[in-house]
Each structure stands twice: as structure tokens, then as C-alpha cells.
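Atoms within a ligand are numbered from 1 in the order they appear, just like the ligands themselves. Nothing fancy with the numbering, it's 1 onward along the sequence.
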Amino acid sequence: MDKTSPNHKASPNHKASPNHKASPNHFDTLAAHLGKNAYPESLVVHNDAAYWLTRTSSGKRLQLVSALAERLEAFEGQAEPFQDGTIKTCPLSDGNAAALRRVLPWLTPRPLSLTISAGFGDRLGLATPGHVRAMERAGDGIAPIFAQQSIREMTRTKRSPTDVMTDATWGAFEAGWRTNLGADADHLKTPDDIDRCVAAGFSFYTIDPGQYVDDEAHSAGAALVQEKVAALPWNELEGSPADLQQRYGGKVLRLNDRRLTIEPEGLWRAAAKYGRAVAHVTKLYRHLLSKGIAFELEVSVDETATPTSPLEHAYIALELTRLGVRWISLAPRFVGGFEKGIDYLGDLSALRDDLAAHNAVMRTLGPYKLSLHSGSDKFSVYPLIAEATGGLLHLKTAGTSYLEALRVTARHAPALFREILALARERFEIDRASYHISAQLSQVPDPAALSDHMLPGLLEDNDARQVLHVTFGSVLDSFKPQLVEVLAAHEEAHYEGLAEHFIKHLQPLVRYS
Ligand SMILES: [Zn+2]
């Protein structure tokens, strides 16, 4: 197996790869030494050193053993003699995570190319082992992104890009992930966002030019559309309205299963709506390029008020290509409702047609992957989008892992869950700003009115899910230590809950991998 191949498929026996298997030497005695506090899945022997994760009374620790002093140098921790070598016990610090990524290179995020892929955002930084379980059981051929967080979420959870990377590294290590992974710096809006994420080692950069998308152009009259076109930053677009008209106006794009005529009226509207966004993506892409790192770019216009038509998608792709931008995936705003934490709202046959049209544009002007944002819990959509794209797909999920953490809390720590729900109800109307959701607070019961055994049922209720989903920042501000404690005490239930939940996301995709 070649674990550097982007098409490498994770398989149940991937841990038997010769490089990583304990060799018949003194490492054999480790198993006995590890005892019940170690995470057996984490044990890996690589280049004359053994590494594993263990529980101690003061939290999790990395331990490593080697007879070669230089294998231990990069790690900060407590060293003691062990057989013919040294054992070192190390805190789960940023520095040790970075050192581990260097010595166990499969933990280093890297580009995943066109392989079907899935992103698992994790607001608490504790969910990756559950994500790994889901991948191992149902993700054959799917490339995972475990470290993924938008700048908005980092701000609300008070985590830095390095925190996100560190947590995902320890999680992947703990659960024994041994193949490719990526890391998604999600919804970046400024050069400064990019710089911070480059410094932390991210490999996948999602540029969100949403604030430059002019939704008013969607239905503006012809005169206003012309005004908007004239006001575009033509310098940055390296052209003029006349160039645009000459380049694309009236052209017929032969897409794989259809033709798309670029009517002048539609072209002007597309430019008015997305021209500034194209300029902004180009600027951020060039900034990223100047960093000299290996990366993949995603362009996301999903968080806008109006759907992206196939013609608008074509305009974006043609213009970005002309300006030299290269991207691996693009997230249009599809028709219908893609709200956080709940299934699709809308007409599935209209969505099927929309996906087919976007797929045609993507295959002809790319190929690249279509990216499904707010992609968690869209169980009615997965079969459609997997089939429409034939697996040229990236699925992005985020807050649903937090909801799984709350499910564990509702079951095992009802008093804490009541406090969380009460705060969520209080904060909802403020925290919902910037999210596309339709939850009604009046539909979410006062926790005082529910008995303990009714609490987990709230995680099945769309209104309650969304109220809990968007208030995570406020809840973590007040209750993060208590929540972390509950999840540590019920770690197995947390990981299994996540695994079961994500298997349902991955299964419909896996036959297209
Ligand atoms: Zn998004």
C-alpha cells in the first residue's frame, strides 16, 4: 500500500503495513507494560521508536520509547530509563503534536486531490477518535479532514488554528489513523486569516467571498445590473465589460450532457452578482500562493441569500481560471434549504436537477469537486449528490459533532444539560445572527417542563437541534470545563455515538469512492 497516494483506500487491515507493525524486538514487551491505561489503537512503532497515548490521573499523555536518544529529543517531557533505552512521558502540547506530525508523517495534513472527501469539524476538539471510528467502519476510499474549523467558529470557541490542529492530531493518533488526512482552514475571509492557518500547518483553504456577493443583483432590473457591472473592480479583474462581453457573450458551453448558452443578460447579472467575489478570491489565492506551501483551495459561495445558477457557476469558474486561480472544490449555494443540523428543506427533484446542472459545469470547466457545506444531517441529499457527481464530492460537516456531545450530556449528565439548554434558549435570538436557520424558539420546551428521560429526545427535534447548534459559543463560554469532564467520564459513549452518527453520513457516499 502506498500511503502517499491520494487515492489510497483506508482498509480494515491498514495497520498491518510493515513500516508500522511492531517488529520482533524489545517492543514486544511493550504490550505488557502499557497496561489498561493505554489506548491500544494508538501504539505505533516507526523508525526505531514506539509511540502511544496513555491516560494518567492528570490527563492524557504521549509516551515514547527508543534506544536512540535522537528519537526523543524533539519531544518535551519526563524521561526515565526503560530496558535498553529510555521512556519519555510527554504532555499533549502544541509542540509535541508538531513533533509527532514530523516523525509520523501520515499525521501531517496534505492535499487529498480529487478523491471523495469528508470534513469533520469539531468545536470541542474531542471528537476526532469518533470520526476515525466512523471512517474505519464505513469510509473506505473516502479521504478525511479531521482538523476543520471556520474562523467564525474559532472566534466563538476561543480556539486558535494551532489549537484545532493540535487537537485533531492527538485524536487521530489516539484512534490509530494511519493514512492520508487533510486539514481545512474553513471560511477564510482575509489575508490575515490565511497567514494564521498557514502557520498552523493547514493543507486545505476554504475562501469565502460571501460578503462580496451582491445578492441584490439576483433580481435587479437591467439598468441597475449595468450600473453594478460598471462599478466592478475592473483593475483587479484585469479586464473590462467589453472584454467580458466579447469573451463569453452568446457563447454556447458544451457541457458533458447538455449545452449552456451564456445569454448576455445572464452574463451581466452573473458578473454583477459575483464579480467582486471573483476578484476577492483571486487576491486571497495569490496571497496563499506566495506562502510557498502545498495546499488545496476551496471556493465557497454557499452562505449567500440566493442560489447560484449553473450560468453563475460557469461565470465564476471561467473567470477564476482566466485569472490563474486553481481550486480543488467549489461550494455553490444550491437550491432549497441547507440549514445547520437538520435534513434538507425543499423539493428533492428540483435539487436533483440543480445538482446535475452544477455537475455538468464542474466536469466541463474542471474537473473539481462539488462541495456540500452545512452538510451534516442531510440524509435525503447524500444519495442524490453522490450519484450526480459520481464521487467528485467534498462533504463538510461541523456542528453536528457538538450536538453528539450534547446527546451524551443529555443522557449522562441531565443537570448540566438542563443548564446548557436554558442558556441556549436565552442566547438564541442573539447568537442566530449570521446563520441560515428557521428554528422557532417557542417550539423548544423549557427544560423545567421535562423529566430527565425526555432530555435526549430534544436531540431528535429540529427546533431544539438548531437552538443548541448556533449557541455553542455562549454555551462553551460558560460550561466548557463541565462538558469536557462529562465527555471524559463517558468517553466510550461519546466516541461510539459519533461513530454511529457519521457512519450514516458516509455510507451513501462510499460506493462512489
Ligand atoms: Zn459553509
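- Interatomic distance, CG of Leu403 versus NZ of Lys340, reported as 11.5 Å (0.5 Å rounding).
- Phe379 carries Lys504 over the face of its six-membered ring, with the cationic atom under 6.0 Å from the centre and within 45° of the normal.
- At a cut-off of 2.8 Å, Asp186 does not coordinate the Zn ion (ligand 1) through any N, O or S atom.
- Checked against the Zn ion (ligand 1), the N, O or S atom of Asp302 at the shortest distance is OD2.
- Checking Arg427, Arg432, Arg425 one by one against Glu429, the salt bridge (charged side-chain N to carboxylate O under 4.0 Å, His left out) holds for a single residue, Arg432.
- Under 4.0 Å is where a charged nitrogen must lie from a carboxylate oxygen, and between Arg156 and Glu153 no such pair does.
- In His373, the N, O or S atom that comes nearest to the Zn ion (ligand 1) is ND1.
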